[in-house]
Protein chains: 2
Amino acid sequence: MDLKALKTFHRIVSLGGFNRAAEELNYAQSTVTMQIKKLEAELGILLIERGKLFQLTEAGRVFHQQSTHIVKDIEHLEATMSDMLVGEAGNIRMGAVEPIASCQLPGILDRFLSKYPKIRISVDIANTAALSERLLKGELDLALCSRQDIGTALYFEPLFSEDLVFLVPERHPLASNPTLSFEDIKHHRMLLTSKNCLYRKKIEIALQERCENQVETMEISSMAAMKHYVEGGLGIALVPKSIASPQLSGTVARKINGTRISITFGMLCKAADYPLKLACAKLYQYLKQELAGPGDTLDDDSSRS
Amino acid sequence: MDLKALKTFHRIVSLGGFNRAAEELNYAQSTVTMQIKKLEAELGILLIERGKLFQLTEAGRVFHQQSTHIVKDIEHLEATMSDMLVGEAGNIRMGAVEPIASCQLPGILDRFLSKYPKIRISVDIANTAALSERLLKGELDLALCSRQDIGTALYFEPLFSEDLVFLVPERHPLASNPTLSFEDIKHHRMLLTSKNCLYRKKIEIALQERCENQVETMEISSMAAMKHYVEGGLGIALVPKSIASPQLSGTVARKINGTRISITFGMLCKAADYPLKLACAKLYQYLKQELAGPGDTLDDDSSRS
DNA sequence: TCGGTAATTCAATATTATTGAACAACGGAG
DNA sequence: CTCCGTTGTTCAATAATATTGAATTACCGA
């Protein structure tokens, strides 16, 4: 079946004649005849009642009805592709590590999608290593995670860094200190995330160096659950500022006295894909703008209370 | 946009490569390349990631998703047209006069549509003159009505005839007669349908000839309502047997003694359309078979009680 | 670096779409 | 009923384009 003939058929129906359709479509009259003839031959059935007043056959009516949807869908598809061309439409597969995926991303994506209603986004939440792998396999377009050095196949661009803060139960003896150092928490219980967590390694190094391992630890796999353990008084956690605030009642955040521990997050994508195109580029610009600034320091209001 | 290229694209995706698609579609490899190239050029955007392992671009994924519906719809349309070719599918616009439309037709059409689930039927209910007009204008495909002699433009084929019977109120003085003649109803009140009704003319002629107009008449526009007027004792009606039975309680049917009055119904269509094609032919055959026989006589059980 | 597979390029060829001119069918006006 | 204007068809010529094989290039994995 030929799309050109299909469109001609629809023009004939809406204009009520071969001649008018030919004129409007800039065809010779004979061209229109030929196209319809071919269409009818393919289908093996007459579509248009010839002679006399213009009229469709039964088959023609059914054909017109059904093909209308098809023509509309094709036009919609063409419009979509045209939107994609300028980045207004698209289907982005992004990845993100916790806590970005749960804390910052929902708000940002909500605003982004409101601005670009024809763009769809799927978010894969995993650690940096897993995301890198999926990027290389072409299963993701871009990811928000920490730096991953896999030669030249991936491109990383830092966007912001996040400090860690102590999250302390409200009634904990250390809660009264305005800041806490690692020395302070010797002989107290620390709550740690699971081994594959980004922060875990940095925290362990700090504990080893500064507390000489004189700290009891307990492992909680989820960062979100962690807050409730702190609230319950089970121990002190070291968490990203964005997790600590807004605070759960019953917990207080305290910045680290002495060494500052922070982790840098950024955009990771296949080197071949950079600079990003189309909708991904739009999302990237948006992320850059939304993520720049916050989380760099503890010297703002939200961390004080 | 070209459908051939669209199908090639889908084959490439499902088979995972230009080569395999070319082989399966009996194309040279270069043909496939050309088709995709042209498609991409038209859309202005790359669909397939070249080199390395086979992969779609973001645009390619969106395009594939959306065009899948289109390809399916086209296949469905082709299947429908193929069904139409053998009369298994279709869209029939039929007309019918009362009381056929209300009495016989519902049952017949229900059975017919169960047998041919892909056929759709619309029923236009009007008198013979109006139906003829719509047939000529091409707004109907066939009609069940009485003969209409409009030269050679229309074709009529008798299918069955229906006798008229007297419908008498149960407590009416004439209700005790097993049969009634026109002479019997002199000086009683007759209920007549409106002027454009099929039966009206025949009844008026009979009344004039046999009762010398010594009958009081009253006009009721609807045949269905008529039964209730009879039930209420307002007078005697002369109605088709199929209207009289099943009877409304409070009324009794009596056959005509002497002259038999009957009207012949049949299939009317444009002369140019006869013999009917496709789904219309199927329906016509079915109607013929279902309508043949019943309604010819009063000598069956249903008319006696 | 070197095969081997996979896709592209290009010029030649086959196919098919398009066209104008002459012709046929139809409907309405005289 | 005939004529005329409109509308669609036929057909052979022509324009456009789809397809192809052979040579070439790109790329993956060893």
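We name chains A, B, ... by the order of the sequence lines, and we start the count at 1 in each one.
Regarding A:F54, its CZ atom lies at a distance of 15 Å from the P atom of C:dG27, rounded to whole Å. Protein atom CD of A:E49 is 12 Å distant from nucleotide atom P of C:dG27, rounded to whole Å. Nucleotide D:dT9 holds its P atom 9 Å from the CD1 atom of A:I36, rounded to whole Å. The distance from atom CD1 of B:I48 to atom P of C:dA6 is 15 Å, rounded to the nearest whole Å. Between the P atom of D:dG8 and the CD atom of A:Q55 lies a distance of 13 Å, rounded to the nearest Å.
Annotation: the span from B:F112 atom CZ to B:K115 atom NZ amounts to 8.0 Å, rounded to 0.5 Å. Considering CG of A:L47 and CE of B:M81, their distance stands at 5.0 Å, rounded to 0.5 Å. How far CG of B:L142 is from CG of B:L283: 5.5 Å, rounded to the nearest 0.5 Å.
Between the side chain of B:E58 and the backbone N or O of A:N91 there is at least one donor-acceptor pair closer than 3.5 Å. Between the side chain of B:D141 and the main chain of B:M94, no donor-acceptor pair closer than 3.5 Å is present. Side chain of B:R20 to backbone of B:R11: no donor-acceptor contact under 3.5 angstrom is found. A donor-acceptor pair under 3.5 Å is absent between the side-chain atoms of A:Q55 and the main chain of A:E49, judged by distance alone. The closest donor-acceptor contact from the side chain of B:N127 to the backbone of B:A130 lies under 3.5 Å.
Of the side-chain N and O atoms in B:K38, one or more sit less than 4.0 angstrom from OP1 or OP2 of D:dA18. Considering only side-chain N and O atoms, A:K37 lies nowhere under 4.0 angstrom from the phosphate OP1 or OP2 of D:dG8. Residue B:N19 has no polar side-chain atom (N or O) positioned under 4.0 Å from OP1 or OP2 of C:dT5.
Contacts between residues 1-18 of chain A and DNA chain D, defined by a heavy-atom separation under 4.0 Å, are made by A:G17, A:F18.
DNA chain D is contacted by both A:R20 and B:L53; A:R20 maps to the nucleotide lying nearer its 5′ end (nearest heavy atom per residue).
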Extract from the structure each pairing of a protein N or O with an N or O of nucleotides 19-22 of chain C at less than 3.5 Å, listing the distance.
unit_1	atom_1	unit_2	atom_2	d
C:dT19	OP2	A:A28	N	2.9
C:dT19	OP2	A:T31	OG1	2.5
C:dG20	N7	A:S30	OG	3.3
C:dG20	O6	A:S30	OG	2.9

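Residues that satisfy the salt bridge (Lys or Arg N to Asp or Glu O under 4.0 Å) test with B:E78, not counting sequence neighbours, are absent from this structure.
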